[in-house]
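Following: one structure in structure tokens, then a few remarks.
Values below: all heavy atoms of this structure, side chains included; hydrogens, waters and symmetry mates excluded. Letters A, B, ... mirror the listed sequences (proteins, then strands); counts begin at 1.
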Protein chains: 2
Amino acid sequence: MNEKESNLAFLGRYSCPVEATVDVIGGKWKSVIVYHLLDGTKRFNELKRLNKGITQRMLTLQLRELEASGIVHREIYRQIPPKVEYSLTEFGRSLEPLILFMRNWGLENMEKVLENREKHETNQS
Amino acid sequence: MNEKESNLAFLGRYSCPVEATVDVIGGKWKSVIVYHLLDGTKRFNELKRLNKGITQRMLTLQLRELEASGIVHREIYRQIPPKVEYSLTEFGRSLEPLILFMRNWGLENMEKVLENREKHETNQS
DNA sequence: CTGTATCCGAGAGGATACTG
DNA sequence: CAGTATCCTCTCGGATACAG
């Protein structure tokens, strides 16, 4: 690191810019939610179906945090039954290359990761 | 998502390749550790100093998981006092673009994130 | 110096029921 | 449909002490 980032006063509580990004899209669900929003606006229950295993509660919480950071926009249609649409803001779009890289890396390397872990497992025993 | 990823049997427990990547570099510390290893081999206490706020315990745990996934190599020198060096494997290097993007995104956008959160805060009250 | 071993608290995350 | 409201579990992560 040395003087790589000299003037980081604005980072505040973060000692490293990577940490700051983790704070925005970290956690178990956020990056996956953003991923599913890459190809367009989605309704709440659509997202719930796409993010397999997520509970309503967690989906709500994660969406609220993404909204607070300005990554996700929430559009409420006052109807009965209610309709709420989630989409990426322009700001959120700036994360697209990151998320796509994560997707591609996962696709290309997950097998190897699983192999490595098994090998490591047997070496430990 | 539709048929974007049709043949994902190998993903196993993961319903989405992004999730798989999160499993490797997710959590509070892993991506920051990898970041600090980008510019070369580091000893345990060097990493401890660079990752401000991390405890010995957490550093050990996270390094072990990264090692198990094949991202980090651990070289032990049997001396007194002991010396252990950590470095990225070639496989781990494949994460470099991702980590650098996270670093740059954090540098460029953290101010805006903090602004957004404050704005959102006041709107809620 | 590079770790383990405990113990502990906070919060992430889950299950279920209920509501406008 | 899109959430809240509870309640609960369990893991992440921190503090401290000890060891090779």
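- Here D:dG13 is the nucleotide among C:dG3, D:dA2, D:dG13 with the atom lying nearest to any side-chain atom of B:Gln62.
- We find that CG of A:Leu63 is positioned 11 Å from P of D:dA2, with the value rounded to whole Å.
- Here the side chain of B:Thr21 pairs a donor or acceptor atom with the backbone of A:Gly106 at under 3.5 angstrom.
- Residue A:Arg43 places at least one side-chain N or O closer than 4.0 Å to OP1 or OP2 of D:dA2.
- Nearest to the side chain of B:Val84, among D:dG14, D:dA2, C:dG3, sits C:dG3.
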Determine, for nucleotides 15-20 of chain D in 5'-to-3' order, which nucleotides have protein heavy atoms under 4.0 Å from the base (write B), from only the sugar-phosphate (write S), or from neither (write -).
B----B
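- Side-chain N or O atoms of B:Glu46 include none that pairs as donor or acceptor with a backbone N or O of B:Lys42 at under 3.5 Å.
- C:dA15 atom C1' lies 12 Å from atom NZ of A:Lys48, rounded to whole Å.
- The 12-atom threshold is exceeded at CD1 of B:Ile76, counting heavy atoms of other residues, nucleotides or ligands nearer than 6.0 Å.
- Within a 6.0 Å radius of NZ in A:Lys52, no more than 12 heavy atoms belonging to other residues, nucleotides or ligands are found.
- Atom CD of A:Glu118 is surrounded by 12 or fewer heavy atoms from other residues, nucleotides or ligands within 6.0 Å.
- B:Arg93 and B:Glu96 are joined by a salt bridge, as a carboxylate oxygen and a charged side-chain nitrogen come within less than 4.0 angstrom of each other.
- Shown here is A:Gln79, whose CD atom has more than 12 heavy atoms of other residues, nucleotides or ligands within 6.0 Å.
- D:dT11 atom P lies 11 Å from atom NZ of A:Lys28, rounded to whole Å.
- Between the CD1 atom of B:Ile54 and the C1' atom of C:dT2 there is a distance of 14 Å, given to the nearest Å.
- When the C1' atom of D:dA5 is taken as reference, atom CE of A:Met58 falls 16 Å away, rounded to whole Å.
- Along DNA chain C, the nucleotide nearest B:Glu85 and the nucleotide nearest A:Gly27 are compared for position; the residue whose nucleotide lies closer to the 5' end is B:Glu85.
- Remark: C1' of D:dA2 and CD of A:Gln79 are 12 Å apart, rounded to the nearest angstrom.
- Rounded to whole Å, atom C1' of D:dA2 lies 13 Å from atom CZ of A:Arg49.
- For the pair A:Arg78 CZ and D:dA2 P, the interatomic distance rounds to 14 Å; values are reported in whole Å.
- A:Tyr86 comes within 4.0 angstrom of the backbone, heavy atoms only, and of no base.
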